[in-house]
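Here the structure is laid out as structure tokens; the discussion comes afterwards.
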Amino acid sequence: MQNESERQDLRRCIKDAVSRKDASAALKLGQALLAASSKPADAMFCASSFAKIADALQNQLGARRLKTFVVRSVTLEPIVPFLSAEAACSNYLLDLQLGGYGSYMDELLNPGSALAQFKPDLVLIVLDLAEIAGRLPDLCANGIGAQVESEVDECAARIEQLLRSFRSGSSARLLLQGFVVPDVTSLGDVGEANLPHSLTRAVDRLNQRLAATCSTIADCVFFDVDRLAARYGRARWSEARMFLASRLPVSAEFFSVYSRGLVRSFSTLFRAPRKVLCTDLDNTLWGGVLGEEGPDGVATGSAFPGNCYLEYQKYLKQLSARGILLAIVSKNNDADVREAFQIRSADLALSLDNFVATRISWNEKSDSLRELATELSLGLDSFVFVDDNPVECEAVRRSLPEVAVVEAPVLEPWKLVEILAEQSYFDAAVVTDDDVNRVNEYKAQAQRAELAGSAGNRDEFLASLGIVCTFQSALSAPLSRSVQLLAKTNQFNLTTRRRSASEIEEFAAAPGGQAVVVRVRDRFGDAGVVGLALARTQGDSCHIDSFLLSCRVIGRGIETALLACLGEHALRSGAKYLLGEFIATKKNAPCATFYADHGFASCAPPEGQLSDSTFYEIDLTTSAPASPKWITLEGTESHEPSASAVLSA
């Protein structure tokens with residue numbers, strides 16, 4: 001911050017916004033203060049200010065409340081205000097409780113511990129290397145220690161046992177923090193780099209083992225704190241005097257950085273990544289203005305400054321490889337752009353085929369983004385917009401606040417990739433086959449749209465697609481895909497309950513329970529796992545807890561096939577009635593009449609149900625939903641694909 005007066009001005013403005021209960025203004029100002037100042041007093045001020053308007057943050061901005069328990073073997077009290085403030089900036093309101101210092105084993109293993117009684121939504125596990133693997137420095141002292149690998153295995157196994165024991169009794173989301181590689185060791189820099197069993201290599205292996213373990217435990221993410229420490233400098237990350245005196249693991253200058261890292265990591269347990277990156281062209285994808293410079297004059301390729309833009313293009317291509325959709329939004333002449341991509345193809349890392357959609361015109365960019373959202377059947381909150389023009393960026397921010405806007409630095413184009421990478425827009429702890437196939441599926445969707453235009457009628461068109469629905473257990477979808485669908489599906493989601501992996505497992509294991517997904521393929525390709533339903537039969541009624549479908553496949557009868565599958569299984573489990581529930585949100589209007597459209601009648605809510613739900617019921621013995629005749633079904637009997645279970649409607 002330039003001077004003390006600016007800092008005090010920000011604090012006064014925050015106080016004013018809090019007094020007016022203007023959550024948006026308070027949060028924006030608080031973010032500015034936290035970005036400009038690392039003073040503990042400012043973090044405490046922001047945390048306190050946000051706490052005063054917690055209800056406003058929740059009601060106006062949709063902030064999520066999280067009961068959060070920290071299991072630790074280090075001192076974290078000075079960091080708590082930073083963590084609370086940074087969490088609020090990411091739309092989380094933490095009800096934070098620190099566990100006892102060093103009591104992590106009792107808290108994770110004892111069903112009567114303070115952790116168990118707290119009933120958290122989120123558990124952060126922050127342990128010290130000396131506490132978990134205290135023998136490693138001595139075993140690695142000569143660099144060739146024979147016991148190093150077995151010690152790493154034993155340490156990883158102990159932590160895994162703690163995690164699995166806790167998971168067996170709790171559905172809370174888990175974050176496990178890794179270990180920072182010590183910056184100073186007896187082997188020195190040369191020995192650490194060259195000897196096979198150096199401490200650096202041992203801690204790296206331990207972190208890798210722990211990350212792999214987290215990937216096998218439901219709703220558990222690994223926080224690679226060593227990567228964060230390395231980025232800012234391990235030598236400065238921890239202050240030796242403070243660690244030895246009070247076991248404070250992070251230097252005060254990095255409290256904010258560390259807290260943001262924690263929040264960014266646990267956010268992947270609660271929030272789906274954005275799906276679309278829309279990029280401008282002039283001074284963004286390439287240097288210069290195409291209309292002025294011509295195709296040969298724009299900067300791209302191996303020479304500076306063109307290679308700055310080439311790096312950005314490569315970054316976009318890498319995002320596309322894991323399923324992020326790329327689109328162009330540019331004020332240009334379409335023919336000129338196509339000519340530029342053709343003439344400069346050798347100097348570009350991307351071709352027009354890498355983009356699932358384009359809006360190249362002189363229309364307002366906010367209008368182009370709305371059109372793309374409609375074309376791709378995605379919410380605007382799935383979009384990231386990158387543009388060099390500050391006027392265009394501000395116009396989109398004002399017109400479409402749901403869209404994340406990134407302003408490309410015209411004078412420092414080499415920084416654009418770094419700016420994007422610093423954001424959490426595309427963070428994902430899990431990438432599924434369905435994610436990777438998403439780009440191909442959207443291209444196939446364009447082919448379907450072309451076919452629909454030439455078909456005589458809807459039934460003829462749908463029959464010509466050759467749709468096959470395969471039903472299987474949500475646990476083998478894989479489970480991570482099921483969780484992903486629950487987290488990110490908004491438009492066709494009848495209850496929008498964000499169930500965790502553990503809760504899905506409970507539905508699958510419960511007597512009369514159903515946790516089923518549907519995989520869809522047709523003549524144009526495999527859309528992957530696109531729908532999910534959770535239900536449970538009690539007495540003569542089967543209650544549908546969650547029912548959702550990707551907007552990519554709405555309107556082909558797949559939702560009806562999934563409903564029919566639920567009904568068939570409910571009948572086999574002894575149910576006479578199928579009970580549907582609808583909870584209206586700002587985004588799920590497209591499915592508001594789903595149950596009524598399928599013959600369900602409105603009914604009174606079951607005893608103890610929430611008043612904001614609308615309930616519908618159908619008699620399965622007389623009016624069970626039937627799958628459309630143009631869909632071929634697989635796996636309906638057991639929710640597992642099986643050649644013997646293939647049915648043709």
Side-chain angles (χ1 to χ4, degrees), residues 62 64 91 219 268-276 373-374 376-383 402 428 430 432 434-435 438 441 445 469 471 474 477 479-501 503-504 506-508 513-520 527-536 542-567 578-598 600 605 609-616 625:
R64 182 168 189 158
N91 235 21
D219 301 313
T268 61
L269 297 169
F270 298 97
R271 185 181 297 162
R274 292 184 181 248
K275 300 174 186 175
V276 189
T374 301
L376 299 175
S377 298
L378 292 172
L380 285 164
D381 57 357
S382 296
F383 283 67
E402 312 98 312
V430 175
T432 66
D434 292 291
D435 293 325
R438 186 180 295 123
E441 171 56 21
Q445 181 68 0
C469 289
F471 300 98
L479 180 59
S480 57
R481 173 58 178 166
S482 300
V483 174
Q484 189 182 68
L485 276 171
L486 282 159
K488 71 181 185 179
T489 306
N490 294 304
Q491 294 183 38
F492 200 98
N493 190 335
L494 279 95
T495 59
T496 322
R497 293 191 174 103
R498 308 303 188 187
R499 296 298 191 189
S500 67
E503 289 172 314
I504 296 172
E506 290 174 9
F507 272 95
Q514 295 190 65
V516 57
V517 298
V518 57
R519 175 181 289 275
V520 175
V529 175
V530 294
L532 175 143
L534 302 176
R536 183 181 286 121
C542 178
H543 179 190
I544 303 173
D545 173 270
S546 298
F547 191 101
L548 54 95
L549 193 72
S550 170
C551 49
R552 293 185 275 135
V553 296
I554 293 173
R556 301 183 213 168
I558 295 158
E559 58 272 33
T560 302
L562 179 57
L563 185 65
C565 177
L566 281 184
L578 192 58
L579 182 67
E581 180 181 1
F582 177 71
I583 302 175
T585 70
K586 293 179 180 179
K587 299 180 180 179
N588 69 352
C591 59
T593 62
F594 174 72
Y595 286 123
D597 292 344
H598 285 79
F600 285 63
Q609 291 294 325
L610 298 175
S611 59
D612 58 353
S613 297
T614 304
F615 289 88
Y616 300 85

Taking the side chain as C-beta and beyond, is there a heavy-atom pair between Glu559 and Cys591 under 4.5 Å?
-> no
Asp545 side chain reached by Arg536 side chain, heavy atoms, under 4.5 Å | no
Under 3.5 Å donor-acceptor, Asn490 side chain and Lys488 backbone = yes
Would you name the heavy atoms of Phe600 and Pro625 that are closest together and state the gap between them?
-> CE1-CG, 4.4 Å
Step-by-step side-chain contact (heavy atoms from CB on, under 4.5 Å) determination, Ser546 to Leu486 = CA-CA 9 Å; Ser546 298; Leu486 282 159; 4.2 Å; yes
CG of Leu532 to CZ of Arg481: how many Å apart, nearest 0.5 Å?
-> 10.0 Å
Are any of the side-chain heavy atoms of Ser377 and Ile554 separated by less than 4.5 Å?
-> no
Looking only at heavy atoms, which two atoms of Cys469 and Ala561 are closest? And how far apart?
-> SG-CB, 4.5 Å
Side chain to side chain, Leu566 and Val516, heavy atoms closer than 4.5 Å | yes
side-chain contact (heavy atoms from CB on, under 4.5 Å) between Asp434 and Arg519, intermediate numbers included = CA-CA 10 Å; Asp434 292 291; Arg519 175 181 289 275; 4.0 Å; yes
Answer whether the closest heavy-atom distance between the side chains of Leu494 and Tyr616 falls below 4.5 Å.
-> no
Residues Arg497 and Glu581 bridged, charged N to O under 4.0 Å | yes
Between Ser500 and Asp219 the two heavy atoms that sit nearest each other are CB-OD2, 3.0 Å
Atom CZ in Arg499, atom CD1 in Ile504: separation rounded to 0.5 Å?
-> 9.5 Å
Between Asp435 and Gln484, do the side chains contain an N or O donor and an N or O acceptor separated by less than 3.5 Å?
-> yes
Gln491 CD to Leu548 CG distance, which is reported to the nearest 0.5 Å | 12.5 Å
Give, for atom CG of Leu579 and atom OH of Tyr595, the distance between the pair rounded to the nearest 0.5 Å.
-> 8.0 Å
Polar side-chain atom of Ser480 near backbone of Val430 as donor-acceptor pair, under 3.5 Å = no
Taking C-beta and beyond as the side chain, do Leu578 and Ile544 meet within less than 4.5 Å on heavy atoms?
-> yes
Ile583 backbone acceptor or donor facing Asn588 side chain under 3.5 Å = yes
What are the two closest heavy atoms between Ala477 and Val529, and how far apart are they?
-> O-CG2, 3.6 Å
Smallest heavy-atom separation, Leu562 atom then Gly531 atom, equals CD2-C, 4.4 Å
Measure the shortest side-chain to side-chain distance between Arg271 and Asn91 over non-hydrogen atoms and say whether it is less than 4.5 angstrom.
-> yes
Rounded to the nearest 0.5 Å, how far apart are CG of Leu549 and CZ of Phe594?
-> 8.5 Å
Roughly how far, to the nearest 0.5 Å, is the OG atom of Ser550 from the CD1 atom of Ile558?
-> 9.0 Å
Begin with the C-alpha distance, continue with both residues' side-chain angles, and end with the deciding distance and a verdict on side-chain contact (heavy atoms from CB on, under 4.5 Å) for Lys586 and Thr496.
-> CA-CA 11 Å; Lys586 293 179 180 179; Thr496 322; over 6 Å; no
